[in-house]
There are 2 protein chains.
Amino acid sequence: MTSPGSLEGTEAEVAACRSERDPFQWDVREDCQVRQILDRIADKWSLLVIALLDEKTLRFGELGREIDGISKRMLTVTLRNLERDGLVLRTVYPEVPPRVEYELTPLGRTLLGTTQALVNWSEEHQDEIAEARQAFEAR
Amino acid sequence: MTSPGSLEGTEAEVAACRSERDPFQWDVREDCQVRQILDRIADKWSLLVIALLDEKTLRFGELGREIDGISKRMLTVTLRNLERDGLVLRTVYPEVPPRVEYELTPLGRTLLGTTQALVNWSEEHQDEIAEARQAFEAR
DNA sequence: CTGTATCCTCAGTGATACTG
DNA sequence: CAGTATCACTGAGGATACAG
């Protein structure tokens, strides 16, 4: 049985991600590793956490306060997933009261450019999207 | 009342996305337009549809067959959302049997570079992530 | 402060049947 | 073929209380 949150996949499955019919075309298979990684990164909170961890190391509570609407539970879950995937480093300082800091790993930092591009795109095109929506509703 | 799937927001809310304390820093507010756009794009199916619509116009059934695991219902919902946001163009040919083709709009095409970057990142780093996971489990 | 443990809700999703 | 309409379900996520 597959453990929860697993990213496993056989080599055959991974190889199936690039179509055999056309190596430049993309096969969107459910068991594809890329699909699974995408699903994890593109969830409700991960992108936001990664964006906030740009440059600045942040504590658990700081992240919670910066991300409007996230619960402690989901912050913990999200951070654990990112840590598990090697994107975020968690450092516990044995003090009292406890202090835990989160920062991007080198691997996590390679993702940063892409995520920021997504955020920037959203910012740049939000007006166009708002207009498209209005036009669609007025149909 | 806000219509379902709305992307509305007051100007004050939109302006709140960039922090006033530090214009280069990012305020992650729940009512922020960028958050809402991100939520929509980063759902389970949208990225896959956009990636498949790169270059090639596709019919409803073709999309359904290419995307492993998607139901007709979710394909419809996803395509309608993308159409509503002006990212995808839907063309109905008055034939029998009916033919409906989907393609990216110019706006949708501006998003393509970013989404492909995400997919490429996933492909490039899937081995590192797999290793990180193993290390984490072995803890 | 930084979580963990429980319980519970509901939105997203799938399955199925039906329609133009 | 390309949907729409219903219904049912699951699991992501929130609330709360508790713990180290």
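Sequence lines set the chain letters: A, B, ... in the order given, protein chains first and strands last, and positions in each chain run from 1.
For the pair A/K72 NZ and C/dC1 P, the computed distance is 10 Å after rounding to whole Å. Atom CG in A/D39 sits about 13 Å away from atom C1' in C/dG12, given to the nearest Å. Taking atom CE of A/M74 as the reference point, atom C1' of C/dG3 lies 15 Å away to the nearest angstrom. Taking atom CD1 of A/I67 as the reference point, atom P of D/dG13 lies 13 Å away to the nearest angstrom. What separates CG of A/D43 from P of D/dG14 is a distance of 11 Å, to the nearest Å. If you take CZ of A/R99 and C1' of D/dG20, they are 18 Å apart, rounded to a whole angstrom. Rounded to an integer number of Å, the gap from CG of A/L58 to P of C/dC1 is 15 Å. Across the protein-nucleic acid pair, B/L75 atom CG and C/dT13 atom P stand 13 Å apart, rounded to whole Å.
Phosphate contact (OP1/OP2 of D/dT16, side-chain N/O of A/R73, threshold under 4.0 Å): absent. The phosphate of C/dT2 has neither OP1 nor OP2 within less than 4.0 Å of any side-chain N or O from A/R90.
No donor-acceptor pair closer than 3.5 Å links the side chain of A/T78 to the backbone N or O of A/S46.
As judged by a 4.0 angstrom heavy-atom cut-off over every strand, A/G64 is placed among residues making no nucleic acid contact. A/Y102 comes within contact range of the sugar-phosphate backbone alone, with a heavy-atom separation under 4.0 Å but no base atom that close.
When distances are taken from the side chain of B/R59 to each of D/dA2, C/dG14, D/dG14, the shortest belongs to D/dA2. Between D/dA2, C/dC1, D/dG14, one nucleotide has an atom nearer to the side chain of A/W45 than all others, and that is D/dG14. The side chain of A/V100 sits closest to C/dT2 out of C/dT2, D/dG3, C/dT4.
Of the charged side-chain nitrogens involved, at least one lies within less than 4.0 Å of a carboxylate oxygen, so that B/R84 and A/E137 count as a salt-bridged pair. At a threshold of 4.0 Å, the pair A/D85-A/R40 counts as salt-bridged, since one of the basic side-chain nitrogens sits closer than that to a carboxylate oxygen.
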Where do A/Q126 and A/I129 land on the side-chain contact (heavy atoms from CB on, under 4.5 Å) test, with the steps shown first? CA-CA 5 Å; A/Q126 56 185 349; A/I129 291 179; 5.7 Å; no
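The 5' end of DNA chain D is approached more closely, in terms of each residue's nearest nucleotide, by A/I70 than by the other of A/P98 and A/I70.
Annotation for B/Q134: atom CD does not count as buried by contact number, only 12 or fewer foreign heavy atoms lying within 6.0 Å.
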